[in-house]
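All residue numbers refer to positions in the sequence shown, counting from 1. All values reported here derive from a predicted model rather than from experimental measurement.
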Amino acid sequence: EVQLQASGGGLVQTGGSLRLSCTTSGFTFDGYAIGWFRQAPGKEREGVSCINNRDGSTYYADSVQDRVTISSDKRMNTAYLEMNDLKPEDSAIYYCATDVAPWPCLHGLGTVAEYDYWGQGTLVTVSS
């Protein structure tokens, strides 16, 4: 059974940093991509970043470029999202996701529909 669990969210001030973790099990971690998405109240879920564990390629949304770094530890089957210089507009529930298929994170972030397996989300709140 494919499982993902996001953690590491919390309350930070503007300009602060957080590192989110996505712990996974039930699939060959280094064969597929991990995507990070976020959803703020009243808004659609949007892509933040993804990492293709087959070749290490990464993609970022324009809104977080240069402030966010995605990485993965294949020994731990865990992906990370390091977020710096956080802004109030970064406040959202952050989800990690995967799909045991080749297309997510192949030429870009990919859409929500391209990911079949989702973690439960972790809340990030950035105070102004």
Provide the closest heavy-atom pair for [X] versus [Y] in the form atom of the first, atom of the second, distance.
{"X": "C96", "Y": "Q5", "value": "SG-C, 4.3 Å"}
{"X": "I34", "Y": "C22", "value": "CG2-SG, 4.4 Å"}
{"X": "Y80", "Y": "D73", "value": "CE1-CB, 3.9 Å"}
{"X": "G35", "Y": "C50", "value": "CA-CB, 3.9 Å"}
{"X": "A33", "Y": "P104", "value": "CB-O, 3.5 Å"}
{"X": "A40", "Y": "A92", "value": "N-CB, 3.8 Å"}

Test of understanding: clusters of I, L, V, M, F, W, Y form through side-chain heavy atoms closer than 4.5 Å, transitively. Do [X] and [Y] belong to the same one?
{"X": "V68", "Y": "Y94", "value": "yes"}
{"X": "V126", "Y": "L123", "value": "no"}
{"X": "W103", "Y": "Y32", "value": "no"}
{"X": "Y60", "Y": "I51", "value": "yes"}

Residue set satisfying side-chain hydrogen bond (donor to acceptor under 3.5 Å, both in side chains) with S17, at least two apart, ordered chain then number -> N84
Do [X] side-chain atoms and [Y] backbone N/O form a donor-acceptor pair below 3.5 Å?
{"X": "T78", "Y": "T23", "result": "no"}
{"X": "R19", "Y": "E82", "result": "no"}
{"X": "Y59", "Y": "L106", "result": "yes"}
{"X": "R54", "Y": "G31", "result": "yes"}

Find out whether [X] and [Y] are in side-chain contact, i.e. whether some heavy atom of one side chain is under 4.5 Å from a heavy atom of the other.
{"X": "R38", "Y": "S63", "answer": "yes"}
{"X": "W36", "Y": "I70", "answer": "yes"}
{"X": "T122", "Y": "I93", "answer": "no"}
{"X": "K74", "Y": "T28", "answer": "no"}
{"X": "L4", "Y": "T98", "answer": "yes"}
{"X": "M83", "Y": "V12", "answer": "no"}
{"X": "M76", "Y": "F29", "answer": "no"}
{"X": "F37", "Y": "E46", "answer": "no"}

Spacing of OG belonging to S72 relative to CG belonging to N52, to within rounding of 0.5 Å: 9.5 Å
Rounded at 0.5 Å granularity, tell me how far CG in D90 sits from CG in D85.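 One gets 8.5 Å once the value is rounded to the nearest 0.5 Å.
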Here the salt bridge (charged side-chain N to carboxylate O under 4.0 Å, His left out) pairs for residues 98-126, sequence neighbours left out, are none
Should N77 and T24 be marked as a side-chain hydrogen bond (donor to acceptor under 3.5 Å, both in side chains) after you check the CA-CA gap, both sets of side-chain angles, and the distance that decides it? CA-CA 6 Å; N77 292 340; T24 74; 5.1 Å; no
Criterion side-chain contact (heavy atoms from CB on, under 4.5 Å) against V124, the qualifying member of L81, L18, L11: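 Among L81, L18, L11, the one meeting side-chain contact (heavy atoms from CB on, under 4.5 Å) with V124 is L18.
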Other residues, nucleotides, ligands: >12 heavy atoms within 6.0 Å of Q13 CD: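 Not more than 12 within 6.0 Å, no.
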Q65, CD: over 12 other non-hydrogen atoms inside 6.0 angstrom: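 Yes, because the 6.0 Å sphere around CD of Q65 holds more than 12 heavy atoms from other groups.
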Candidate pair F27 and Y117, rule ring pair (Phe, Tyr, Trp, His ring centres under 6.0 Å), full reasoning: CA-CA 11 Å; F27 67 103; Y117 301 96; 7.7 Å; no
